[in-house]
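Just follow the structure's listing: the first ligand is 1, and inside any ligand the first atom is 1. All values reported here derive from a predicted model rather than from experimental measurement.
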Amino acid sequence: MDVATRMSRLGTESAFEVLARAKALERAGRDIIHLEIGEPDFDTPVHIREAAKRALDEGATHYGPAAGLPELREAIAKHVGLTRGVPVSPEEVVVTPGGKPIMFFTILALVNAGDEVIHPNPGFPIYESVVNFVGGVPVPIPLREESGFGFDMDEFERRLSPRTRLIIVNSPQNPTGGVLDRRQLERIAAAAVERGITILTDEIYREFLYEGEFVSMLGFPGVRERAVLLDGFSKTYAMTGWRLGYGVMPAPLAEHVTRLMVNSASCTASFVQLAGIAALEGDQTPVTQMVDAFRRRRDLVVDGLNTLPGVSCIRPRGAFYAFPNVTRLGRPSSEIAERLLTEAGVALLPGTAFGAHGEGYLRLSYANSEANLRAALERMRPVLASF
Ligand code: PLP
């Protein structure tokens, strides 16, 4: 069957491909340690699961409004207002099945063919994929290890142009675990406001911050009126499979994004949304406990990686990824990742899964038990020594 030419412009997220390959190896009897996919290994907290079961029993099994249930939009507006220190009204909130559709819908709604979109590289691959899909021009800004994987600000300022339509920022960051500091965010915000450019700020890893205070893009003067905030429940509440996320944006844009929901998913599952209210309004102790566990794992993984031959790894300040430098091995990161999967049974991703500037790096998700992380590091050692 012939598919439309636009499909050739749509990329993918390699984590799902590597996961499928790793699962196939497992079915063939191999023991694989999974460090490829970005999801907490914790169970969704009990009170959230109970809320979903109650919602199902009480009949929340029907279609709901496309932009989300009013009570969840209200809870999100309150939560974002408190955590970002800016006023948010429920009309500015659109609930979606996961945070990912907010990327897709924002880019579809804002970017015309030929418009330029600034995005981090290495960065979440879906940004670039969707920009290409709509005929936009992705403008990658390198994230450099020397600056803790912050934006290369000189390059950023050089690459701004009259065609820049959107700037995508993600902090704490996937895949590097880097966190943009206040000064960088401030400069990006000021440039966007001065030139009338929209910002998509992906703050899905907000809770996974191990040092320093979280700084939201939304807090800078003039940003609130021209920004789309992407956040969700997948990471913070270990709810990846539930599919629940949201965007906060100026009300007129929210109407367009809602129309994209009507044309695609119709609405987000009603009982899942009610569980989301329990997540936001209930006990936050499970989140704190999970983040504490991730901090210990980060230290275990980074310390361990720095003892491996040919590897050096800076200590990421956020998210749950380590991004070790493997340039000393002198081989493409895709080859190193492939050999670690087939020879060591350790599934992880080459840095190039996140863009060309990821060459020379690997990405490990440390959302796995300490025992598995230790075992993975030991299994990697002889394979890396053989390069
Ligand atoms: N943004 C970033 C940077 C991510 O890494 C992810 C998931 O991996 C998402 C957004 C979307 O998450 P979800 O659609 O599960 O809410």
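Nearest heavy-atom pair across Asn121 and Glu128 is ND2-OE1, 4.3 Å.
Stacking of Arg339 on the aromatic ring of Phe387 is recorded, both the 6.0 Å distance cut-off and the 45° axial limit being met.
Looking at Thr352 and Glu359, their side chains never bring a donor and an acceptor atom within 3.5 Å of each other.
The local environment of CZ in Arg183 is sparse, with at most 12 non-hydrogen atoms from other residues, nucleotides or ligands closer than 6.0 Å.
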Atom pairs and distances, ligand 1 N/O vs protein N/O under 3.5 Å:
{"residue": "ligand 1", "atom": "1 (N)", "partner": "Asp202", "partner atom": "OD1", "Å": "3.4"}
{"residue": "ligand 1", "atom": "1 (N)", "partner": "Asp202", "partner atom": "OD2", "Å": "2.6"}
{"residue": "ligand 1", "atom": "5 (O)", "partner": "Asn174", "partner atom": "ND2", "Å": "2.8"}
{"residue": "ligand 1", "atom": "5 (O)", "partner": "Tyr205", "partner atom": "OH", "Å": "2.7"}
{"residue": "ligand 1", "atom": "8 (O)", "partner": "Lys235", "partner atom": "NZ", "Å": "2.7"}
{"residue": "ligand 1", "atom": "14 (O)", "partner": "Gly99", "partner atom": "N", "Å": "3.1"}
{"residue": "ligand 1", "atom": "14 (O)", "partner": "Lys100", "partner atom": "N", "Å": "3.0"}
{"residue": "ligand 1", "atom": "14 (O)", "partner": "Arg243", "partner atom": "NH2", "Å": "2.8"}
{"residue": "ligand 1", "atom": "15 (O)", "partner": "Ser234", "partner atom": "OG", "Å": "2.7"}
{"residue": "ligand 1", "atom": "15 (O)", "partner": "Arg243", "partner atom": "NH1", "Å": "2.9"}
{"residue": "ligand 1", "atom": "16 (O)", "partner": "Gly99", "partner atom": "N", "Å": "2.7"}
{"residue": "ligand 1", "atom": "16 (O)", "partner": "Ser234", "partner atom": "OG", "Å": "3.1"}

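The existence of a salt bridge linking Glu92 and Arg224 is confirmed by a sub-4.0 Å separation between a basic side-chain nitrogen and an acidic carboxylate oxygen.
Interatomic distance, OH of Tyr237 versus CE of Met290, reported as 9.5 Å (0.5 Å rounding).
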